[in-house]
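Encoded as structure tokens, the structure appears first; notes follow it.
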Amino acid sequence: MSELRVRFAPSPTGYLHVGGARTALFNWLQARKEGGTFILRIEDTDVERSTKESVDAILEGMSWLGLEWDEGPFYQSASFPLYKEYVQKLLDAGKAYRCYCSAEELDAKRNLAMQEGRKPKYDGTCRDRSDLPEGQPCVVRFRAPRGGVTAFDDLIKGKITFPNEELDDLIIQRTDGTPTYNFCVVIDDATMRITTVIRGDDHVNNTPRQVQLYEALGFPVPQFAHVPMILGSDKARLSKRHGATSVIAYRDMGYLPEALTNYLVRLGWSSGDDEIFSRDEMIRKFDISGVGRSASVFNTEKLNWLNAHYIKSGDPQRLADLLLPHLSKRDVSTAGGPDMTLVVKTLQQRAQTLEEMADRALFFYVAPTSYDEAALAKYDKEKMLAVYDAAVAKFSAVSSIDEAGVEALLKEISLDLELKMGLVGQPVRIALSGSAQAPGLGEIIVALGLKETISRIQKARAFVAG
RNA sequence: GAUCCCAUCGUCUAGUGGUUAGGACACUGGCCUCUCACGCCGGUAACAGGGGUUCGAAUCCCCUUGGGAUCACCA
């Protein structure tokens, strides 16, 4: 076991977002690669917005993606006393002070500064205040260093430096006594002995403040790796209006977890010309320092391609299990119908998602009640009837059949009636599936069975005969 | 507005001073074929702009432009 300790720290105010999922994946991969520890921490210090439903949704998303954590989930809300203790430490050391400015006053000052084009930062009114009004509501602020710079070496972005002038005295404890985010992360990351903080790059601007906090508290500063954002097709931050952003939504749309993780790992990271990565390959080849510095656009087309790849190469039995809920959703019962494994096999080359596969699988379980008229119209009525009669005769004459057998029978019909294969196969396909687009006839007939095949052809014959 | 970050085909990316700038998705031409797909072969398509440094820049430096993030008693 290496010393590497990483964490994924979502705030439970919604479902697991694909961006969050990628951050979690990168953390997980780095931990697995190094033999380190992956910790899950729920940042629920905002009691107002945090919900149990969100926690469950996040855990469900993590599990579905197979990102198992080694420690946790830990809840920040359980550590309030700990934060209080450190606030007091800072207060005692003179590294923090009480501020009696009201939220209204602060808002007014901030707006004024913005209007006048100045930096909207705290003016330090209470920084050197000597009187301590008893019983007055107050917050606690960190006494930030005034001059100089604060810098850190980001594993992804390189060295980042901030002038301390830009950083004001941030609030670490609210009027109601609860701690604020930037303070909690530092305490948690330090006490959990996190060695590498891998998170979204919307946090880079928070990092110098946190570094100052680590230093004031006497904690070792961890390494940071800020992962670029995921954007929508218009290059704006990915949001619902670009489509689904919840990983569970992707599951429900029929995506495979290995396809999503494969897609996500390639967003911002690559290994030569490779596109397909098994779990093991990902773990072996991934390295957080190899992640790119720029944001990337989420592209559903490529995700579809990967999903199709994993459907094509997936185990039919497993896919059948995963397909079942999508069929149930369509009020289709597979009981008494063809073996689902056989059905899946006919569709693996033809579906990009399980939803699409379910649509295409429908006819196996529900005999067509109507036929594609436009397709039917392309064929001569008398010839079709002859094909149907011949097919019924041929299929009735055998007791069992395989794909090659179907092929042979169709050839015979083609020769007997002196019709091209296309004129034999298509009418039969329409009879069996109702549509002009379906898997190979051999596959369909083997899955359906001779009895059902003959019955469907007879039904179609009656329909065509009028 | 301030600070910070970013910049190779439409998209994801390879490239780390010398390449016909490579791969993948998408698009597209053809082959295969009982349909639709799969598969196979081929094609279109990029170094944001301008200055340097260098014998030589996609690669190093500067500026411009364009994107993004953050500036809360949210996380």
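To find a chain, count down the sequence lines: A is the first, B the second, and so on, and within it residues start at 1.
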### Message
Please report the distance separating the P of B/U13 from the corresponding atom of B/A7, rounded so that it comes out in whole Å.
### Response
11 Å

Exercise. OP1 or OP2 of B/A75 less than 4.0 angstrom from a side-chain nitrogen or oxygen of A/T13, does that happen here?
Worked result: no

Syn within 90° of 0, anti beyond: B/C38 is syn

Using 30° and 60° as the class limits, which term best fits the ring planes of A/F298 and A/Y250: parallel, tilted or perpendicular?
tilted

**No-hydrogen, no-angle side-chain donor-acceptor test under 3.5 Å, A/Y310 and A/N262** = yes

| query | Between B/C5 and B/G50, how far is it from one C1' atom to the other, in whole Å? | reply | 22 Å

Margin query: Suppose you measure atom C1' in B/U35 against the same atom in B/G43; what distance do you get, rounded to whole Å?
Written below: 27 Å

Q. Between A/E452 (side chain) and A/G449 (backbone), is there a donor-acceptor pair under 3.5 Å?
A. no

Any strand, both distances under 3.5 Å, Watson-Crick or G-U wobble: B/U65 pairs with B/A7

From CZ of A/F277 across to P of B/A24 the rounded distance in Å is 14 Å

Closest to the side chain of A/R237, out of B/C12, B/A2, B/U70, is B/U70

I'd like the P distance from B/U53 over to B/U44, given in whole Å. 37 Å

Review point. Under 4.0 angstrom, heavy atoms only, what part of the nucleic acid is A/G440 near: base, sugar-phosphate, or nothing?
Key: base

Handout entry: Short side-chain N/O contact to B/U11 OP1/OP2 from A/K235, under 4.0 Å
Key = yes

Among the nucleotides B/C34, B/C12, B/A75, whichever has the atom closest to the side chain of A/R266 is B/C12

Report task. Over 60° means perpendicular and under 30° means parallel, so classify the ring planes of A/Y181 and A/H203, tilted if in between. Result -> tilted

The nucleotide from B/C71, B/A75, B/C12 with an atom nearest the side chain of A/S296 is B/C12

Margin query: For a quick check, tell me whether the side chain of A/Q173 and the base of B/C73 share a donor-acceptor pair closer than 3.5 Å.
Written below: no

When rounded to whole Å, the NZ to P distance for the pair A/K157 and B/U3 reads 18 Å

Between B/A57 and B/G42, how many Å separate the two C1' atoms, rounded to a whole number? 32 Å

Against the side chain of A/K302, the closest entry in B/C12, B/C71, B/A14 is B/C12

Against the side chain of A/R49, the closest entry in B/A75, B/A26, B/G23 is B/A75

Across every strand shown, the nucleotide meeting Watson-Crick or G-U wobble geometry with B/C36 (both distances under 3.5 Å) is none

Regarding the side chain of A/P120, the nearest nucleotide among B/A26, B/G1, B/C34 is B/G1

Rounded to whole Å, the CG-P distance (A/N262 to B/C12) equals 17 Å

*Using a cut-off of strictly less than 4.0 Å, decide whether A/R110 has a side-chain nitrogen or oxygen near OP1 or OP2 of B/A2.*
no

Looking only at B/C6, B/C4, B/C38, the nucleotide nearest the A/Q349 side chain is B/C38

When rounded to whole Å, the CD to P distance for the pair A/E275 and B/A26 reads 11 Å

Taken to the nearest whole Å, CG/A/D168 to P/B/U3 is 15 Å

request  = State plainly whether the residues A/R7 and A/D188 are in salt-bridge range, i.e. N to O under 4.0 Å.
outcome  = no

Inset, instruction - Using the P atom as the reference point in each nucleotide, state the distance between B/A46 and B/C6 in Å, no decimals. - result: 26 Å

Any base atoms under 4.0 Å from A/E165, or only sugar-phosphate, or nothing? Heavy atoms, all strands. nothing

A/E356 atom CD is separated from B/C38 atom C1', nearest whole Å, by 13 Å

* **Geometric class of the A/F277/A/W269 ring pair [parallel <30°, tilted 30-60°, perpendicular >60°]** => tilted

Taking a pair to mean Watson-Crick or G-U wobble geometry with both distances below 3.5 Å, B/G1 pairs with B/C71

Taking the six-membered ring of A/Y122, is the NZ or CZ of A/R141 close enough (under 6.0 Å from the centre) and on axis enough (within 45°)? yes

Regarding the side chain of A/R293, the nearest nucleotide among B/U70, B/C71, B/A7 is B/A7

Between A/K121 and A/H203, whichever has its closest RNA chain B nucleotide further toward 5' is A/K121

- Query: Where does the angle between the aromatic ring planes of A/H226 and A/F224 fall among parallel (under 30°), tilted (30 to 60°) and perpendicular (over 60°)?
  - Reply: parallel

Atom CD1 of A/I160 and atom P of B/U3 are separated, to the nearest Å, by 16 Å

| query | Would you say A/K312 reaches B/G39's phosphate, i.e. side-chain N/O to OP1/OP2 under 4.0 Å? | reply | yes

Side-chain contact check for A/T180: nearest option of B/A24, B/C6, B/A75 is B/A75

Item to complete: Pick the P atom in B/U28 and in B/G67, then give their distance to the nearest Å.
Response: 31 Å

Closest to the 5' end of RNA chain B, once A/V139 and A/Q437 are matched to their nearest nucleotides, is A/Q437

A/N205 CG to B/A72 C1', in whole Å, measures 14 Å

For the C1' atoms, the ones on B/A75 and on B/G39, what distance do you get once it is rounded to whole angstrom? 49 Å

Closest to the side chain of A/N299, out of B/C73, B/U35, B/U11, is B/U11

